[in-house]
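Reviewing the structure listed below.
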Amino acid sequence: MSKLFRAVIMGPPGSGKGTISERIAQSFGLQHLSSGDFLRENIAANTEAGVLAKTYIEKRLLVPDHVMTRLLLPRLEEMTRHSWILDGFPRTLAQAEALSRACELDVVISLNIPLETLKERLRHRWIHPASGRVYNLCFNPPRMQGVDDISGEPLIQHEDDRPEALVARLRHYKDVAKPVIDLYKAKNILHTFSDTDTDRIWPHISSLLNTKIRTDQSSAQRASTN
Ligand SMILES: Nc1ncnc2c1ncn2[C@H]1C[C@H](O)[C@@H](COP(=O)(O)OP(=O)(O)OP(=O)(O)O)O1
Ligand SMILES: Nc1nc2c(ncn2[C@@H]2O[C@H](COP(=O)(O)OP(=O)(O)O)[C@@H](O)[C@H]2O)c(=O)[nH]1
């Protein structure tokens with residue numbers, strides 16, 4: 001049996017975590033687990049944690065660490081037969097430490113995108129709020145303007161995707177993410193990608209995962225034949 005592969009993707013708002021995770025899921029068969037999607041599912045299902053998380057999300061605040069870890073870690077523990085890429089978790093050092101206790105990561109991808117690019121992308125980001133599906137009027141426009149391709153429901157823009165809000169969000173991201181990035185650097189699993197275009201970053205991520213996944217699988221095979 002091939003070894004399971006565990007990856008995390010990190011980056012500021014608009015850096016392309018969702019977009020790249022989807023490509024990884026399609027190209028490498030990893031499950032894309034998004035903390036935002038998972039929270040939205042819990043809110044829609046009115047679970048206890050969903051009701052609690054909603055009060056924070058409505059105020060555009062981070063959900064407290066103990067709520068996030070209680071929600072997410074059991075879900076990861078269920079995924080014993082799947083390789084996955086985790087997007088949106090961990091956001092804080094406490095979350096990263098809880099994740100380290102639950103499983104061993106193979107790769108952490110960190111996206112480092114210039115501020116002007118983030119501003120431009122988020123200005124054009126449209127979201128289907130119920131599913132979290134994301135569009136961009138230039139990069140991946142919906143088939144019909146203002147309408148979700150799958151449900152036919154209207155798309156919205158987030159207040160805090162406005163360029164004026166981005167600088168504060170970015171500062172907050174950097175403060176909170178720095179110790180997480182340092183932790184993964186120290187573990188030697190951090191891979192940082194810097195560019196203005198997802199299409200230019202993608203070949204590098206793809207070749208990294210090709211190498212890592214193939215190497216892991218052949219060592220797992222060697223171990224099983226020894
Ligand atoms: N790991 C987490 N810890 C705490 N709160 C979280 C976490 N992940 C998501 N949330 C909360 C905060 C967000 O307001 C909300 C939606 O998350 P998400 O869909 O990732 O959108 P976002 O707008 O925060 O991120 P981005 O702009 O990077 O896509 O859920
Ligand atoms: N113009 C442009 N838009 C992009 C590119 N990559 C992603 N996007 C769009 O930028 C926005 C932010 O990407 P998203 O994947 O949601 O980033 P996240 O916030 O890190 O998950 C979305 O509207 C994407 O469709 C790119 O290379 N060029």
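In each ligand, atom 1 is the first atom listed, and ligand 1 is the first ligand listed.
Between the side chains of Ser151 and His128, a donor-acceptor pair is found at a separation under 3.5 Å. Between the side chains of Thr47 and Asn42, at least one donor-acceptor pair of N or O atoms lies under 3.5 Å.
For ligand 2, the atoms lying closer than 4.0 Å to a non-hydrogen atom of Pro12 are 20 (O).
Across Thr19, Ile9, Ile127, heavy-atom proximity to atom 15 (O) of ligand 2 is greatest for Thr19. Checking Leu111, Thr196, Ile113, Val134 against atom 22 (C) of ligand 2, the nearest heavy atom belongs to Val134.
With a heavy-atom cut-off of 4.0 Å, Ser15 touches ligand 2 through backbone and side chain alike. The part of Asn140 lying near ligand 2 is the side chain, judged by heavy-atom distances below 4.0 Å.
Using 4.0 Å as the threshold, Gly88 has a heavy atom nearer than that to some atom of ligand 1.
Taking any N or O of Lys17, backbone or side chain, at least one lies under 3.5 Å from an N or O belonging to ligand 2. Residue contacts with ligand 1: Val63 is placed with a nitrogen or oxygen under 3.5 Å of a nitrogen or oxygen of the ligand (distance criterion only). Backbone and side-chain nitrogen or oxygen atoms of His158 are examined, and none is located within less than 3.5 angstrom of a nitrogen or oxygen of ligand 1. Annotation: Asp199 places no N or O atom under 3.5 Å from an N or O atom of ligand 2; distance criterion only.
Regarding atom 17 (O) of ligand 2, its nearest protein heavy-atom neighbour is Gly16 N, 3.0 Å.
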